[in-house]
Amino acid sequence: MNDTTGAARSAPPRVGLFVTCLADTIRPSVAFATVKLLEDAGCRVEAPASQTCCGQPAFNSGDRADARALAEQTIAAFEGFDYVVGPSGSCLGMLRHYPELFETGSPWHARAEKLAAKCFEITSFLVDVLGVERVQARYDGTVTYHDSCSGLRELGVKAQPRKLLATVEGLTLTEMNENEVCCGFGGTFCIKYPDISNRMVTEKVANIRASGAGTLLAGDLGCLMNMAGKLKRQGSDVRVWHVAEVLAGMTDGAPIADAAPSR
């Protein structure tokens, strides 16, 4: 079990797991790793069946009507929890934007503000809210870490994953050059501007490979899939994992982009 500090709780916090679309459809192990980390830290975890997309693709494309409809569904699904936590700074950052979708002073705006105040990315929640000091996991190898844009710039996720990774037995962290520079994914950005996106991920992968690390970690699955795909196309043997999988000690399966295709 993870060591925690802070005031004793009369009851374990009830956490709503925001699974994210990519974890649900592409990499469920990321969601399971998040659940393990939360339960090890003493939380009661539930994943509401009525949850859906956070609405970020619609929001970023200017489709406020659909973004608002998705926000209402998400608010209704999660407002009964003490916290809402997920393995994505991008998605949880979007949940914090929900008040922008509703008229100030309206009932939905008030509900959106309450939800936004209790939304956290997983490593930030563990370190900043629960005061987790260490994890019980082992990963033998040298890793490098990519700071995903939304987690870093919207939620301030930087030191938290590194603090926890420093307690993983057998793991050595080596920082790549320009670790805070975008990988070029950007959700709809890579679709709208594929040439620019490809140039960005090419430069990012060059920095990953130059670091000498055998493993790449990050906190957003979209970024990881983008970088893993480029590494794979270049014939690189760098392994790619979501940081939650390593922190939870759940790396017995295949790394991202190495999984066998589903039948």
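The hydrophobic cluster containing V143 also contains L164, counting ILVMFWY residues as joined when their side-chain heavy atoms lie under 4.5 angstrom apart, directly or transitively. Criterion: ILVMFWY side-chain heavy atoms under 4.5 Å apart, direct or through other members. Under it, M250 and V19 are not part of a common hydrophobic cluster. Grouping the Ile, Leu, Val, Met, Phe, Trp and Tyr side chains by contacts below 4.5 angstrom, directly or via other members, places V157 with L92. Criterion: ILVMFWY side-chain heavy atoms under 4.5 Å apart, direct or through other members. Under it, V85 and L130 are part of a common hydrophobic cluster. When hydrophobic clusters are built by joining Ile, Leu, Val, Met, Phe, Trp and Tyr residues whose side-chain heavy atoms come closer than 4.5 Å, directly or via intermediates, I122 is not grouped with F78.
With respect to H146, the side-chain hydrogen bond (donor to acceptor under 3.5 Å, both in side chains) criterion is satisfied by exactly one of E178, K204, E180: K204.
A salt bridge links R138 and D140; the closest N-O separation between the charged side-chain nitrogens and carboxylate oxygens is under 4.0 Å. Between E133 and K163 there is a salt bridge, with a side-chain nitrogen of the basic residue lying less than 4.0 Å from a carboxylate oxygen of the acidic one.
In this structure the side chain of I256 reaches within 4.5 angstrom of the side chain of R27, judged on heavy atoms. Put simply, the side chain of T144 does not reach to within 4.5 Å of the side chain of N179, judged on heavy atoms. At a threshold of 4.5 Å between non-hydrogen side-chain atoms, the residues R209 and Q234 count as touching. In this structure, M200 and C182 have side chains that are in contact, with non-hydrogen atoms separated by less than 4.5 Å. Looking at K114 and E79, their side chains never come closer than 4.5 Å, going by heavy atoms from C-beta outward. Between E103 and H109, every side-chain heavy-atom pair lies at or beyond the 4.5 Å cut-off. Using a 4.5 Å heavy-atom cutoff, the side chains of D40 and V135 are not in contact. Looking at F102 and I75, their side chains come closer than 4.5 Å, going by heavy atoms from C-beta outward.
The main-chain N or O of P48 is never found under 3.5 Å from a side-chain atom of E46 such that the two would form a donor-acceptor pair. Formation of a donor-acceptor pair under 3.5 Å by the D220 side chain with backbone atoms of C223 is not found in this model. Between the E154 side chain and the G151 main chain, no donor and acceptor come within less than 3.5 Å of each other. Distance alone, capped at 3.5 Å, places no donor-acceptor pair between the R239 side chain and the P255 backbone. Of the possible polar contacts, none joining the S236 side chain to the K232 backbone as a donor-acceptor pair under 3.5 Å is found. In this structure a side-chain-to-backbone donor-acceptor pair under 3.5 Å is missing from D66 to A58. A donor-acceptor pair under 3.5 Å is formed between the side chain of Q73 and the backbone N or O of S50. The backbone N or O of E175 sits nowhere less than 3.5 Å from a side-chain atom of S211 that would complete a donor-acceptor pair. Not one N or O on the side chain of N226 forms a donor-acceptor pair closer than 3.5 Å with the backbone of V201. Side-chain atoms of Y98 never come within 3.5 Å of backbone atoms of T74 as a donor-acceptor pair (strictly under, hydrogens ignored).
Put simply, CG on D147 and CE on M176 are 8.0 Å apart, with the number rounded to the nearest 0.5 Å. Taking CG from L247 and CG from L126, the interatomic distance works out to 8.0 Å, rounded to the nearest 0.5 Å. The NZ atom of K158 lies 4.0 Å from the CZ atom of R162; values are rounded to the nearest 0.5 Å. Residue L165 holds its CG atom at 11.0 Å from OG1 of T172, rounded to the nearest 0.5 Å. Remark: L37 CG to Q136 CD distance equals 12.0 Å, nearest 0.5 Å. One distance of note links CH2 of W241 with CG of D258; it measures 8.5 Å at 0.5 Å rounding.
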Apply side-chain hydrogen bond (donor to acceptor under 3.5 Å, both in side chains) to the pair S90 and Q56, showing each step before the final yes or no.
CA-CA 8 Å; S90 178; Q56 185 182 101; 2.9 Å; yes
For L95 and F18: C-alpha separation, side-chain torsions, deciding distance, then whether side chain to side chain contact (heavy atoms under 4.5 Å, CB included) applies.
CA-CA 10 Å; L95 268 58; F18 192 82; 4.2 Å; yes
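No side-chain donor-acceptor contact under 3.5 Å links E245 and H242.
By the neighbour-count criterion of 12 heavy atoms within 6.0 Å, atom CZ of R199 is sparsely surrounded, having that number or fewer from other residues, nucleotides or ligands.
In terms of heavy atoms, V30 sits closest to P87 at CG1-CB, 3.6 Å. Across all their heavy atoms, L101 and R68 have their closest contact at O-NE, 2.8 Å. In terms of heavy-atom proximity, A228 sits nearest to V240 at CB-CG2, 3.8 Å. The heavy-atom pair separating G80 from R14 by the smallest distance is O-NH1, 3.0 Å.
A cation-pi arrangement is found for R96 relative to F120, the charged atom lying closer than 6.0 Å to the ring centre and inside a 45° cone about the ring normal. Remark: R64 is positioned above the aromatic ring of F59, its terminal NZ or CZ atom under 6.0 angstrom from the ring centre and at most 45 degrees off the axis.
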